[in-house]
Visitor: 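Sharing a structure, written as structure tokens. Questions coming.
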Amino acid sequence: MKKLAIFLLLLTIVACATNNNQSPQPTEPGSKIVVTGKITDEGVECLAMRSDDGTLYTLGRPQNPPASGQRVRVTGTIAGASFCMQGTTINVETIEKL
């Protein structure tokens, strides 16, 4: 029982430490979203980025896609359906290299 209590305490500490006090991003299809993070090579079918809070996003057909490792700010809308097969897909309006 004591081990379980210690585990739960550590889990809570880790969850709080990784929150970064960021407000939650919208998840409803069609919702406007602005995300900052790094382009990664995690995408199977689509370009992918890992946001500053660790969330995986896939980017639906961006023009002039940045290279892996590039820090970016992406503006767009949450896709209702996607062939990207992973993460939350953003229909990209703009990608700003930072």
Side-chain angles (χ1 to χ4, degrees):
M1 190 64 146
K2 189 174 186 180
K3 288 182 182 180
L4 178 60
I6 292 171
F7 174 76
L8 292 175
L9 176 62
L10 289 173
L11 188 62
T12 302
I13 291 169
V14 169
C16 291
T18 58
N19 185 11
N20 296 332
N21 294 322
Q22 294 181 0
S23 56
Q25 290 287 354
T27 57
E28 289 293 314
S31 297
K32 189 80 157 179
I33 187 168
V34 178
V35 181
T36 302
K38 282 188 179 178
I39 299 297
T40 73
D41 57 3
E42 297 174 76
V44 174
E45 295 290 330
C46 298
L47 183 66
M49 75 173 285
R50 188 64 69 175
S51 70
D52 291 341
D53 71 1
T55 304
L56 179 66
Y57 291 93
T58 49
L59 309 178
R61 302 183 192 260
Q63 294 185 1
N64 303 317
S68 183
Q70 175 70 53
R71 190 158 166 70
V72 296
R73 180 177 299 116
V74 175
T75 302
T77 56
I78 301 293
S82 170
F83 63 90
C84 293
M85 302 189 321
Q86 62 191 130
T88 300
T89 301
I90 300 173
N91 293 322
V92 176
E93 294 172 7
T94 62
I95 296 180
E96 177 186 357
K97 294 178 184 178
L98 302 176

Visitor: For residues 71-80, dump all side-chain donor-acceptor pairs below 3.5 Å to protein atoms at least two apart in sequence or in another chain.
Guide:
residue : atom : partner : partner atom : Å
Arg71   : NH1  : Asp52   : OD1          : 2.8
Arg71   : NH2  : Asp52   : OD2          : 3.1
Arg73   : NH1  : Glu96   : OE1          : 2.9

Visitor: CD1 of Ile95 to CG of Asn64: how many Å apart, nearest 0.5 Å?
Guide: 9.0 Å

Visitor: Is any side-chain heavy atom of Leu56 less than 4.5 Å from a side-chain heavy atom of Thr88?
Guide: no

Visitor: Does any non-hydrogen side-chain atom of Leu47 lie less than 4.5 Å from one of Pro66?
Guide: yes

Visitor: Give me each pair satisfying salt bridge (Lys or Arg N to Asp or Glu O under 4.0 Å) with a member in residues 81-95, each pair once, sequence neighbours excluded.
Guide: Lys32-Glu93

Visitor: If hydrophobic residues (ILVMFWY) are linked whenever their side-chain heavy atoms come closer than 4.5 Å, directly or via other members, who joins Val44 in its cluster?
Guide: Met85

Visitor: Within this structure, what is the CD1-CD distance for the pair Ile33 and Glu28, rounded to the nearest 0.5 Å?
Guide: 12.0 Å

Visitor: I'd like to check the side-chain hydrogen bond (donor to acceptor under 3.5 Å, both in side chains) partners of Thr55; sequence neighbours left out, ordered by chain and number.
Guide: Asp53

Visitor: Not counting sequence neighbours, which residues clear salt bridge (Lys or Arg N to Asp or Glu O under 4.0 Å) with Glu45? List them please.
Guide: none

Visitor: I'd like to know if the side chain of Gln70 and the backbone of Pro65 have a donor-acceptor N/O pair within less than 3.5 Å.
Guide: no

Visitor: List in chain and number order the residues that pass side chain to side chain contact (heavy atoms under 4.5 Å, CB included) with Cys46, two or more places apart in sequence or in another chain; answer none if no residue qualifies.
Guide: Thr58, Phe83, Cys84

Visitor: With rounding to the nearest 0.5 angstrom, report the CE to OG distance, Met49 to Ser68.
Guide: 12.0 Å

